[in-house]
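Just so you know, these numbers come straight off a predicted model, no measurement behind them. All chains are named by letter (A, B, ...) in the order of the sequence lines, taking the proteins before the strands, and each is independently numbered beginning at 1.
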Amino acid sequence: MVRTRFAPSPTGYLHIGGVRTALFNWLFARRHGGQFLLRIDDTDQERNVEAALAPILHGFRWLGLDWDEGPEVGGPYAPYYQSQRLPAYQRAVDKLLAGGFAYRDFATPEELQTERETAQAEKRPFLYSRRWMAETPEDAQRFEREGRSGVVRLRMPREGTLRLKDLVRGEVDFDWAREQDHVIQRADGTCLYHLASVVDDFDFRITHVIRAEEHLSNTARQVFIAQSLGYALPEYAHLPYVAEPGSKNKLSKRKLDKYLKNRDFALVNEHGLAIAQALGLATTADTFNPVIVDFYEQVGYLPDAIINYLMLLGWSLDDKTEFFSRQQMIDNFSLERVTKAPASFDPKKLWSFQDHYMQQLPLDEKVERTLAFLVRAGLVAEPVSADARQKLAGIVQAAGDRIKVSGDILAYADFFFTDNFSYEPDALDKRLRKPGAAELLEKFRDRMKTVEPFEIGPLEAAMHEFLAAENIKIGDIIHALRVAVTGKSVGPGIYDCLALLGRDRCLARIDRALKLVRS
RNA sequence: GGCCCCGUCGUCUAGCCAGGUCUAGGACACAGGCCUUUCACGCCUGCAACACGGGUUCGAAUCCCGUCGGGGUCACCA
């Protein structure tokens, strides 16, 4: 039985790199008919774990990465919060102490620092001297009388090597003498990550530890803990980390400023920001940017697009398959085909997956998704009538592939929902204040009065008649017409716009524009 | 700096383990064109990589050695 886990710390947001790691865990578990669980690494957190966790769980749900055990769903080994498992850790610490695999240590941070600096000055690797190690309870009491407080350290082997099989990297060797006597329990009794993680993985029956490469160098000490406790070792697989756009550095949300200098990243960011603004969302660069999953949900990306893109960051099936349904992902995933080199996050490529999935989306679903954005933006009031839905379907269809994310409806179709739209900067000058443009537009306005029915075909026919009669080319009028009616220089086909708007609104809008340029 | 990992187009990658079919394939991006006098889609074309140097071999992107480069990690963080 395969059991994998992802262990987020409650930080308040879901990082795109973390999702990639979680996805591989999820895929591996599903591929082998096993379980995927979520464990909360909150040994370090003080309060508000629930609040900081909510967005993360929400993100997983949104992406369709369901967990079999963990917060909110429980499970046979609950609780899955490290902060609630202290007794288990304490038992492990006691056992380690009793077995001589750990010791109580009373060095002060200053003393440790001095040793460290000395080692550095002598250009030799630092290894704690164990000078303040308490070998007996009497030692401990003596140290305590001196006013020292004790922590528990691992008593690491100081010779030999550990050879480990990593499912992604093959055989990896660790030199025991390079390993520090890591602290596993603080003076206040709280335990540290490595201890907690190993105990949890064992207690939760984790069979495969699939995590990012930065944990590779942690593995030896974790193996030491596990073996000292008599645990059978899980399989390990260390994934290459997700790197910054256009670089090999690890992606981090702290370096947003830098990423914004990347053209593609900036483009995707600005596009999302514009939608957020149209929605009246209060955003800060810290919580709303393309490194964070919530960004994509707010803007109206499709979970399938994100998942598909992420799966291909460091994994491939062959030299051509790009698109995978969830089932195909599950059927084909394997750790053997994970790449060893880091893969940089390319927002434009994600965008292209989004484009693809959006095009595949059935019309009615597209309508539902865009409708939600129109409601949020206050352009459509709830409840939404069947009639309004019908109309929106026409608009969505006319907008077609221009709608890349659901939020794009606000950019391409706001003028359908309000007559009081504003004109794109310079558009009036460029298209309507041109010599003769207003006159031609007015003439066509008159012609529009008699188009019957007021639909795409007849409108187009009327236009062509008009062009012939006036002896002009379509470019001489169409731009002015578009700007007058929609306020924009780009958008759906002009006849679609006219027909969808209806005769009265078109005539009124042309009047409004004409009045503006003539005043 | 020590230790470890990695190195194919700008980016994601196929090929490497089992050397020849690789004048290195696909995708994204980019450039040009067609379509459409908008934008988008679509279609066509183009640009573009085996980090370098030695070996082994009839033959190396593929095997070996070295160099260089990039990154990760060295906590009483997770």
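The side chain of Lys248(A) approaches G70(B) more closely than any other nucleotide in the set G70(B), U37(B), C77(B). Checked against U13(B), U73(B), A14(B), the side chain of Ala343(A) finds its nearest nucleotide in U13(B). Here the nucleotide nearest the side chain of Arg263(A), chosen from C39(B), C30(B), C77(B), is C30(B). Listed candidates were U37(B), A27(B), U11(B). Nearest to the side chain of Ser344(A) is U11(B). Among the nucleotides A78(B), U37(B), C41(B), the one closest to the side chain of Lys404(A) is C41(B). Closest to the side chain of Leu216(A), from the set C4(B), A29(B), A78(B), is C4(B). With distances taken from any side-chain atom of Lys348(A) to the nucleotides C28(B), A78(B), G15(B), the minimum falls on C28(B). Checked against G7(B), C28(B), C39(B), the side chain of Ala341(A) finds its nearest nucleotide in G7(B). Of the listed nucleotides (C5(B), A29(B), A78(B)), A29(B) has the atom at the smallest distance from the side chain of Asp264(A). Here the nucleotide nearest the side chain of Asp346(A), chosen from U37(B), C28(B), G72(B), is C28(B).
Rounded to a whole Å, the CD atom of Gln185(A) is 13 Å from the P atom of C77(B). Straight-line distance from the CG atom of Asn262(A) to the C1' atom of C12(B): 14 Å, rounded to whole Å. Regarding Leu195(A), its CG atom lies at a distance of 13 Å from the P atom of C77(B), rounded to whole Å. As a whole-Å value, the separation of Asn218(A) CG from G72(B) C1' is 11 Å. Protein atom CZ of Phe345(A) is 17 Å distant from nucleotide atom P of C28(B), rounded to whole Å. Taking atom CD of residue Gln354(A) and atom P of nucleotide A27(B), one finds them 21 Å apart after rounding to whole Å. Computed from coordinates, the Leu239(A) CG to C5(B) C1' distance equals 14 Å when rounded to whole Å. Rounding to whole angstrom units, CG of residue Asp408(A) and P of C39(B) are separated by 17 Å.
Across all strands, His194(A) comes closer than 4.0 Å to base atoms (heavy-atom distances). Residue Gly400(A) is out of contact with every strand shown, counting any heavy-atom pair closer than 4.0 Å. Across all strands, Ala107(A) comes closer than 4.0 Å to base atoms (heavy-atom distances). Counting non-hydrogen atoms under 4.0 angstrom, Asp401(A) reaches the backbone sugars and phosphates but no base.
The pairing partner recorded for U73(B) is G2(B), the criterion being a Watson-Crick or G-U wobble arrangement whose two distances lie under 3.5 angstrom. With a cut-off of 3.5 Å on both pairing distances, the Watson-Crick or G-U wobble partner of A51(B) is U67(B). In this entry C17(B) has no Watson-Crick or G-U wobble partner, no candidate having both defining distances under 3.5 Å. Remark: C43(B) base-pairs with G33(B); criterion is Watson-Crick or G-U wobble with both hydrogen-bond distances under 3.5 Å. Judged by Watson-Crick or G-U wobble contacts below 3.5 Å, the nucleotide G10(B) has C28(B) as its partner. The partner of U62(B) is absent, by the rule that a Watson-Crick or G-U pair needs both atom distances under 3.5 Å. Using N1 to N3 plus N6-O4 or O6-N4 for Watson-Crick, or N1-O2 and O6-N3 for G-U wobble, each under 3.5 Å, U38(B) pairs with nothing.
Once the 5.5 Å centre distance and the 30° plane angle are applied, the aromatic ring of His215(A) is found stacked with the base of A78(B).
Within 6.0 Å of NZ in Lys248(A) there are more than 12 heavy atoms belonging to other residues, nucleotides or ligands. Within 6.0 Å of NZ on Lys258(A) lie more than 12 heavy atoms contributed by other residues, nucleotides or ligands. Counting non-hydrogen atoms of neighbouring residues, nucleotides and ligands closer than 6.0 angstrom, the CD atom of Glu159(A) reaches no more than 12 such neighbours.
Using bins of under 30°, 30° to 60° and over 60° for the plane-to-plane angle, the ring pair Phe421(A)/Tyr423(A) lands in the perpendicular bin. Aromatic ring pairs are classed by plane angle as parallel below 30°, tilted from 30° to 60° and perpendicular above 60°; the pair Phe143(A) and Phe106(A) is parallel. The aromatic rings of Phe345(A) and Phe265(A) sit perpendicular to each other, their planes meeting at more than 60°, with 30° as the lower class boundary.
RNA chain B lies under 4.0 Å from at least one heavy atom of each of the following residues of residues 307-318 of chain A: Leu312(A), Leu313(A), Gly314(A), Ser316(A), Asp318(A). RNA chain B is contacted by Gly493(A) of residues 493-501 of chain A, taking any non-hydrogen atom closer than 4.0 Å. Contacts with RNA chain B (heavy atom under 4.0 Å) in residues 159-180 of chain A: Arg169(A), Arg178(A), listed by number.
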The contact string for nucleotides 42-50 of chain B, one letter per nucleotide 5' to 3', using protein heavy atoms under 4.0 Å with B, S and - for base, sugar-phosphate only and none, comes out as ---------
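A salt bridge links Arg447(A) to Glu465(A): one of the charged nitrogens lies within less than 4.0 Å of a carboxylate oxygen. Electrostatic pairing of Asp264(A) and Lys349(A) does not count as a salt bridge here, judged by no charged N lying under 4.0 Å from a carboxylate O. Under a 4.0 Å N-O distance rule, the pair Glu213(A)/Lys250(A) does not qualify as a salt bridge.
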Name every donor-acceptor pair, under 3.5 Å, that has one atom in a side chain of residues 483-499 of chain A and the other anywhere in the protein, sequence neighbours excluded.
| from | atom 1 | to | atom 2 | distance (Å) |
| --- | --- | --- | --- | --- |
| Thr486(A) | OG1 | Arg482(A) | O | 2.8 |
| Thr486(A) | OG1 | Lys488(A) | N | 3.1 |
| Thr486(A) | OG1 | Lys488(A) | O | 3.3 |
| Lys488(A) | NZ | Ala411(A) | O | 3.4 |
| Lys488(A) | NZ | Asp414(A) | OD1 | 3.2 |
| Ser489(A) | OG | Glu424(A) | OE1 | 2.6 |

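OP1 and OP2 of C12(B) both lie 4.0 Å or more from every side-chain N or O belonging to Thr339(A).
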Test side-chain hydrogen bond (donor to acceptor under 3.5 Å, both in side chains) on Gln222(A) and Ser197(A) and set out the steps.
CA-CA 8 Å; Gln222(A) 295 188 1; Ser197(A) 185; 4.6 Å; no
Would Ser83(A) and Asp42(A) satisfy side-chain hydrogen bond (donor to acceptor under 3.5 Å, both in side chains), going step by step from the backbone distance to the final call?
CA-CA 6 Å; Ser83(A) 59; Asp42(A) 57 350; 2.7 Å; yes
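For Lys320(A) against A27(B), no side-chain N or O and base N or O form a donor-acceptor pair under 3.5 Å.
Across all non-hydrogen atoms, the minimal contact from Leu440(A) to Asp476(A) is CD1-O, 4.1 Å.
In terms of the side chain to side chain donor-acceptor pair (under 3.5 Å) criterion, residue partners of Lys255(A) (sequence neighbours excluded) are, by chain and number, Glu244(A).
The only option from Phe353(A), Trp351(A), Tyr357(A), Tyr301(A) that meets the ring pair (Phe, Tyr, Trp, His ring centres under 6.0 Å) definition with Tyr296(A) turns out to be Tyr301(A).
Mapped onto RNA chain B by nearest heavy atom, Thr108(A) and Glu322(A) fall at different nucleotides, with Glu322(A) at the one closer to the 5' end. With RNA chain B read from its 5' end, the first of the two nearest nucleotides for Leu350(A) and Glu460(A) is the one closest to Leu350(A).
A cation-pi contact links Arg153(A) to Tyr128(A), judged by a cut-off of 6.0 Å to the six-membered ring centre and 45° from its axis.
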